[in-house]
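The block underneath contains the structure these notes are about, expressed in structure tokens.
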There are 2 protein chains.
Amino acid sequence: MTRLDYDEISARLRLLAHPERLRILDAVRRDSECVCHLEALLDKPQPYVSQQLRLLRDAGIIADEKQGQNVFYRLSDAEVRDWLDVMLGPVVGEHPDMSLHKRLIPCPCPKCNDDTPLAVSERLLQRS
Amino acid sequence: MTRLDYDEISARLRLLAHPERLRILDAVRRDSECVCHLEALLDKPQPYVSQQLRLLRDAGIIADEKQGQNVFYRLSDAEVRDWLDVMLGPVVGEHPDMSLHKRLIPCPCPKCNDDTPLAVSERLLQRS
DNA sequence: AAGATATATGCTAATTTATGCATGTTTCTG
DNA sequence: CAGAAACATGCATAAATTAGCATATATCTT
């Protein structure tokens with residue numbers, strides 16, 4: 001039986017105990033998301049979002065993957081995934097807000113443009 | 001499907017994200033414990049312990065029950081119990097340190113003295 | 001009632017965390 | 001190469017949390 005390290009667990013927990021970081025984690029636990037999406041999701045300035053991402057990344061909770069100009073983040077810690085499943089409920093389908101943002105925000109990242117060019121321009125037109 | 005309230009969840013989480021409070025919760029999720037025991041467990045001044053207990057009590061996470069001179073605290077929130085099961089592991093047997101403290105600390109609370117008077121005095125003698 | 005014991009409360013200083021913002025870096029495009 | 005787009009970093013300040021300590025309250029004992 002491994003002795004519990006309350007310091008370590010609470011340090012980890014402290015990173016989750018923040019509404020915006022929790023929102024980020026709830027998004028990236030489903031699918032990897034680029035910073036532009038997360039920025040739209042939180043509706044906060046980009047440096048703010050990057051700052052929260054850094055904290056989570058430095059702790060090894062999320063991992064980044066560069067794809068051209070964009071950086072995609074995904075949940076990389078299995079333990080934290082279990083915690084989130086209990087605290088936020090298990091992942092069911094798509095993130096309720098994420099699908100919305102993919103429609104509304106003209107983001108050039110590959111994730112947003114994996115469909116036909118027609119659908120993209122149509123999407124842009126509907127925004128006015 | 002109920003919409004997630006990240007503010008509420010993170011506020012709750014913030015209370016758990018503290019090493020001493022986590023230690024308290026790990027104790028009281030097994031059995032109700034009086035303040036004197038928790039004081040011994042944390043090895044911190046009594047006002048410090050009472051302060052942490054107050055935070056958890058005001059949030060409805062733990063509940064107090066007065067028994068004469070002593071106050072016993074127990075985990076009262078089912079949701080937090082689930083969280084702790086995942087974060088600290090499920091409760092197996094007795095708390096590893098608690099049984100120790102019941103032996104070493106001459107506490108007059110009923111929990112410590114639910115055995116024969118002989119055993120109590122014997123315990124006191126062994127401390128010198 | 002006086003003293004002792006167990007616990008709670010209030011206040012303050014120290015520390016940590018959060019937030020805002022200016023600027024730096026990298027990659028892509030023309 | 002110049003400019004733009006996407007993201008990161010550093011730093012200063014504000015806000016929240018922690019921790020220490022004096023003191024208050026309630027109960028029990030004699």
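Throughout, protein chains are lettered first and strands after them, A, B, ... in sequence-line order, and every chain is numbered starting at 1. The structure presented is a predicted model; accordingly, all values stated were derived computationally and were not measured.
Contacts of K44(B) with the nucleic acid, taken as non-hydrogen atoms under 4.0 Å apart, are absent. Contacts of R14(A) with the nucleic acid, taken as non-hydrogen atoms under 4.0 Å apart, involve only primed sugar atoms and P, OP1 or OP2.
L75(B) and I61(B) get closest at one heavy-atom pair: CD1-O, 3.4 Å.
Look at CG on L55(B): it is 13 Å from C1' on dA8(C), rounded to the nearest Å. The nearest whole Å value for the distance from the CD atom in E65(A) to the C1' atom in dA6(D) is 16 Å. With rounding to whole Å, N70(A) atom CG is found 11 Å from dT29(C) atom P. Remark: C1' of dA18(C) and OH of Y6(B) are 20 Å apart, rounded to the nearest angstrom. The CG-P distance, from D58(A) to dT17(C), rounds to 14 Å in whole Å. In this structure, CG of L56(A) is placed 16 Å from P of dC7(D), rounded to the nearest angstrom. Atom CG of L53(B) is separated from atom P of dT9(C) by 11 Å (rounded to the nearest Å). Separating the CG atom of L42(B) from the P atom of dG20(D) is a distance of 12 Å, rounded to the nearest angstrom.
Comparing dT9(D), dT19(C), dT18(D) against the side chain of R57(A) picks out dT9(D) as the nearest. With dG10(C), dT18(D), dC7(D) as the candidates, the nucleotide lying closest to the side chain of H18(B) is dT18(D). Between dA5(D), dT5(C), dT7(C), one nucleotide has an atom nearer to the side chain of Q69(A) than all others, and that is dA5(D).
Put simply, the residue from R57(B), E33(B), H37(B) that forms a side chain to side chain donor-acceptor pair (under 3.5 Å) with Y73(B) is R57(B).
Within the model, atoms CZ of R14(B) and CZ of R21(B) stand 10.0 Å from one another, a figure rounded to the nearest 0.5 Å.
OP1 or OP2 of dC7(D) has not a single side-chain nitrogen or oxygen of R54(A) nearer than 4.0 Å. Phosphate contact (OP1/OP2 of dA8(C), side-chain N/O of Y73(B), threshold under 4.0 Å): present. Dashed line: the shortest gap from a side-chain N or O of Y48(B) to OP1 or OP2 of dA19(D) is under 4.0 Å.
Toward the 5' end of DNA chain D, the nearer of the two residues K66(B) and Q52(B), judged by each one's closest nucleotide, is Q52(B). Along DNA chain C, the nucleotide nearest A17(A) and the nucleotide nearest P47(B) are compared for position; the residue whose nucleotide lies closer to the 5' end is P47(B).
For a distance-only test at 3.5 Å, the side chain of Q46(A) qualifies as a donor-acceptor partner of the base of dA8(D). Within 3.5 Å, a donor on the side chain of Q51(A) pairs with an acceptor on the base of dC11(D), or the reverse.
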Inset, instruction - Please assess L13(A) against M87(B) for the test side chain to side chain contact (heavy atoms under 4.5 Å, CB included), listing each intermediate value before the final yes or no. - result: CA-CA 9 Å; L13(A) 223 39; M87(B) 300 185 310; 3.4 Å; yes
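Residues I24(A) and L41(A) fail the side-chain proximity criterion, which asks for heavy atoms closer than 4.5 Å.
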